Structures are given as structure tokens and as C-alpha cells.
Amino acid sequence: MSDQFVFITPIQNLEMPLSRYKLIQIGNVYFVSYDKINYYKKKFGLRTNLTTMPYLIKTENTFFTNAQAFALIHHSGDTKNKGYEYIIKVQNAIDILCLLERGFSKRRFSSIPCIWGMPIVKSYKYLFVNKKNPSVSSGWRLIGTHNSLILSNEMISYHKQGYFFKLLDILNKKKNIISVEWYKCIFDASVLLGKSWAEKSVPEAFLYNMIALETLLTESGDAFSLIIPKRIKSFIGWVGYWETENFESKIDEMYKKRCKIVHEGKLSLVLVDDLLFIDDLVNNVFDNIINHINLFHCKKDLILFTKKIEAEHLLGIQGKTRPKTLRFSHKTYSEKDKLEII
């Protein structure tokens with residue numbers, strides 16, 4: 001029988017103060033609060049307290065003292081060359097964990113966990129030196145945040161009404177109701193949406209959102225520029241904003257910008273307002289998909305759903321395809337909020 005291991009890496013900027021949420025599973029990655037790392041040892045098949053292992057005391061004596069949480073993965077067999085592979089898995093899980101911030105918070109206040117030693121905070125400084133006299137003006141700016149993602153009562157309550165915990169049920173396969181291919185699409189879209197939230201570059205965050213929409217709503221052979229607005233409309237076209245704010249033409253404009261970035265490198269085309277518009281779209285589409293996953297056992301079910309709604313609209317009939325439980329939410333940003341995103 002092959003050797004059994006537990007991969008462990010420390011996480012910073014993640015606080016898990018609530019007793020019911022000291023352990024969170026995302027796929028095969030488990031996040032454990034630092035104060036419960038020994039408490040959960042039996043769950044991971046460990047026979048000794050991690051914090052008192054002689055090897056760690058002698059060679060890695062700060063491993064369990066500096067971090068606020070840890071990521072753990074069960075492993076069987078040879079550990080050679082597995083470290084980086086599992087770091088990628090942990091990073092994907094962190095990206096999904098960032099979905100706790102989407103909808104609950106604003107981009108300017110986002111708090112992003114990270115693997116210890118891989119900080120996401122950057123800064124820059126600069127000078128303006130007068131050419132005619134020896135005067136100087138200076139400035140600096142912090143990009144990112146040192147704030148921790150705190151699993152507070154308020155955040156948990158918000159997401160009990162949202163989609164996050166239902167998403168975890170899907171990703172942790174507590175409900176085996178979807179196809180393998182559809183599971184992968186939902187997992188990939190979740191990672192992309194988390195990466196978008198954590199990303200401080202507006203064009204890159206915009207692209208992650210757009211790719212997530214394509215991952216969820218399209219299949220090979222689709223004419224994306226034509227299909228995406230129709231499929232988004234199936235989920236939120238009933239909202240008054242769709243007509244009054246001319247959503248369909250805006251989505252078409254966003255897709256053209258996406259293509260300009262990808263094919264021509266036109267990063268400067270994307271504005272903060274574009275990112276926030278796509279944030280709203282993808283948040284609501286994803287929320288409605290996850291909260292109605294019983295209707296969508298595979299992507300073909302979702303596509304058939306959108307085609308039925310489109311047909312009902314063209315025929316001018318009040319169909320029963322669209323559930324009355326679909327919902328829409330909108331996050332309002334001030335001009336100050338927007339300036340902090342740039």
C-alpha cells in the first residue's frame with residue numbers, strides 16, 4: 001500500500017472566527033483556522049499534533065505560528081514534484097473563496113487571502129522634479145490590501161441567501177446531480193470569477209469576467225457575439241434595467257472590447273464602468289444558475305432553457321420556462337469608489 005500524506009501550506013489574510021466555519025472544503029482543498037489545526041488531525045488521519053512535531057520545532061518552528069489559516073490536501077503515493085501542483089490547487093481554491101466578497105463587498109474594499117509568502121499587495125512611489133527650479137513633488141500608492149477576508153456573521157448570513165454555499169455543495173459533490181463536463185465548467189468559471197475579483201488591473205479583471213461568461217453560456221461552434229446577449233437575457237431580461245439601460249447593446253459593446261483586447265491588445269479601451277457592468281451581469285447569471293442547478297444537469301439543459309425563453313419571447317407568449325425565483329441585484333458605486341478601483 002502506498003504511503004499516505006497530508007499536504008499543508010500556510011495561508012495569510014484569512015480569518016475564520018466562527019465556530020461552525022473553522023473548516024471549509026472547496027473540492028479536495030480544506031481550509032482550517034490556525035487555532036483548530038490540531039483539533040482536526042483525526043479527520044486527516046494524523047496521529048500527532050502538528051504544532052508539536054519534533055521536526056517542525058527544530059527546522060520550521062514558525063510554520064504554524066505566523067499564519068491565520070492553513071490549506072490541507074490528502075495525498076497518496078510519491079510526493080516528488082507534487083508541491084507546485086498542490087500550490088496551484090490551493091490557489092484555485094483561494095480564488096473560489098474570494099467569491100465570498102463578490103456581491104457582499106465592493107471592489108475597492110476587497111480583502112484577498114493568499115498563500116503565505118506570495119503577497120498580493122504592491123506599491124509604487126514617484127517624483128515630479130521641476131526643470132527650472134529645485135522644487136519637487138512626490139507621491140505613492142498602495143495597490144491591493146493588507147486586510148483579511150473575515151468569515152463574519154454578516155458575510156455568512158448574506159451568503160446563506162446567496163449562492164456560495166450551494167456552490168460548495170456542487171463543488172464538494174454533496175449533490176451528484178450534474179455531468180462531469182458541466183461540473184468542470186462551473187469549477188473553471190468559479191475560479192475565473194474569483195481571479196477577477198482579486199485582480200487589480202481593470203482590463204484583466206474584465207477579461208476574467210468575460211471568459212467566465214463564455215465558459216458558462218457557450219459551446220463549441222457558437223457565434224459568441226450573437227449568442228451571449230441572448231443567453232444572458234434568458235436569465236435577467238425580465239429586469240426593467242434590460243430595456244431602460246439598453247443592456248443588449250451594452251453587452252455587444254463589451255464583447256467587442258473583449259475582442260479588441262484579445263486580438264489587438266487594446267487594454268486602454270476598458271473603463272471601470274465597463275468592469276462594474278460586467279460584474280453585475282456575471283454575478284446575477286451565476287447566482288441564478290447555481291440557485292437553479294436542479295434545472296441544469298448539464299450545459300445542454302441550460303442552452304435548451306435559453307432557447308425556449310427566446311422562442312417564447314419571439315412568439316409573444318407568457319411562457320412557464322423562466323422560473324419566478326430568478327433574481328437580480330445591483331451594486332451601486334460612487335465616483336470615489338470608482339477612483340479607488342483604478
Side-chain angles (χ1 to χ4, degrees), residues 95 98-99 101-103 105-110 112 120-124 126 139 141-145 185 188-237 239 241-287 306 328-342:
D95 291 331
C98 288
L99 297 181
E101 287 269 298
R102 288 194 78 128
S105 185
K106 294 183 179 182
R107 276 191 177 268
R108 65 175 290 218
F109 299 121
S110 59
I112 312 301
I120 55 171
V121 179
K122 303 174 183 177
S123 65
Y124 62 82
Y126 55 85
R141 183 171 177 184
L142 193 69
I143 302 174
T145 177
C185 283
D188 290 345
S190 301
V191 172
L192 288 163
L193 292 175
K195 286 186 180 297
S196 173
W197 192 257
E199 180 55 58
K200 298 307 175 186
S201 162
V202 170
E204 289 184 40
F206 173 87
L207 268 184
Y208 282 132
N209 273 345
M210 292 298 293
I211 297 169
L213 277 173
E214 293 170 14
T215 300
L216 291 166
L217 300 179
T218 65
E219 59 183 352
S220 179
D222 281 342
F224 287 11
S225 60
L226 299 175
I227 290 295
I228 288 178
K230 293 179 180 179
R231 292 186 181 157
I232 293 174
K233 186 177 182 179
S234 299
F235 287 98
I236 61 172
V239 179
Y241 286 122
W242 188 270
E243 298 294 341
T244 60
E245 299 294 327
N246 207 1
F247 270 24
E248 198 151 352
S249 66
K250 281 186 178 179
I251 295 168
D252 181 60
E253 181 187 353
M254 295 303 103
Y255 190 76
K256 287 176 179 175
K257 289 190 176 188
R258 171 256 189 227
C259 293
K260 289 281 187 180
I261 294 172
V262 172
H263 302 298
E264 299 178 31
K266 303 286 188 181
L267 297 174
S268 60
L269 288 178
V270 179
L271 308 176
V272 170
D273 282 333
D274 298 332
L275 173 60
L276 299 180
F277 174 69
I278 293 298
D279 270 351
D280 269 356
L281 287 187
V282 73
N283 286 349
N284 283 287
V285 169
F286 196 58
D287 177 275
T306 63
F328 182 87
S329 63
H330 169 67
K331 183 68 74 175
T332 301
Y333 283 80
S334 67
E335 290 305 314
K336 182 179 179 181
D337 291 330
K338 295 176 186 178
L339 286 172
E340 290 293 326
I341 295 170
I342 297 173

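As the structure is a prediction and not an experimental result, all values here were calculated from the model. Heavy atoms only: backbone and side chains are in, while hydrogens, waters and symmetry mates are out. Position 1 is the first residue of the sequence; numbering continues from there.
- Between Y333 and S105, the closest heavy-atom pair is OH-O, 4.5 Å.
- To the nearest 0.5 Å, atom CD1 of residue I341 and atom CG of residue L276 are 4.5 Å apart.
- For K257 (side chain) and V270 (main-chain N/O), no donor-acceptor pair under 3.5 Å exists by modelled atom type.
- To the nearest 0.5 Å, the span separating CD1 on I251 from NZ on K230 amounts to 12.5 Å.
- The backbone N or O of D279 lies less than 3.5 Å from a partner atom in the side chain of N283, making a donor-acceptor pair.
- Listed for the T218 side chain is a donor-acceptor partner under 3.5 Å among the backbone atoms of E214.
- Taking both residues in full, the closest heavy atoms of S225 and D252 are given as O-OD1, 4.3 Å, listed atom of the first, atom of the second, then distance.
- Looking at every heavy atom in both residues, K331 comes nearest to G103 through NZ-O, 2.8 Å.
- Classified by interplanar angle (parallel below 30°, tilted 30° to 60°, perpendicular above 60°), the ring pair F328/Y241 is tilted.
- Although no hydrogens or angles enter the test, the distance criterion places a donor-acceptor pair under 3.5 Å between the side chain of E199 and the main chain of S201.
- Scanning all heavy atoms of the two residues, the minimum distance from F224 to P229 falls at O-CD, 4.1 Å.
- For D222 (side chain) and E219 (main-chain N/O), a donor-acceptor pair under 3.5 Å exists by modelled atom type.
- For D95 (side chain) and L193 (main-chain N/O), no donor-acceptor pair under 3.5 Å exists by modelled atom type.
- Side-chain atoms of D274 come within 3.5 Å of backbone N or O of L271 as a donor-acceptor pair.
- Interatomic distance, NZ of K233 versus CG of L281, reported as 13.5 Å (0.5 Å rounding).
- Side-chain polar atoms of S334 and D337 form a donor-acceptor pair below 3.5 angstrom.
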Are K338 and E335 close enough, and set up right, to give a salt bridge (Lys or Arg N to Asp or Glu O under 4.0 Å), and what steps lead you there?
CA-CA 5 Å; K338 295 176 186 178; E335 290 305 314; 3.4 Å; yes
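- From I228, atom CD1 reaches atom CG of L217 across 7.0 Å, with rounding to the nearest 0.5 Å.
- In terms of heavy atoms, V282 sits closest to A212 at CG2-CB, 4.4 Å.
- Other residues, nucleotides and ligands contribute over 12 non-hydrogen atoms within 6.0 Å of the NZ atom of K250.
- Defined by atom type and a distance below 3.5 Å, a donor-acceptor pair is present between the side-chain atoms of R107 and S196.
- Put simply, the side chain of L99 does not reach to within 4.5 Å of the side chain of W197, judged on heavy atoms.
- Note that the CG atom of L275 and the CE atom of M254 stand 10.5 Å from one another [nearest 0.5 Å].
- Among all heavy-atom pairs drawn from A198 and C98, the shortest one is CB-SG, 4.5 Å.
- Within 6.0 Å of CD in E264 there are more than 12 heavy atoms belonging to other residues, nucleotides or ligands.
- Taken from CG in L207 to CG in L267, the straight-line distance is 8.0 Å, to the nearest 0.5 Å.
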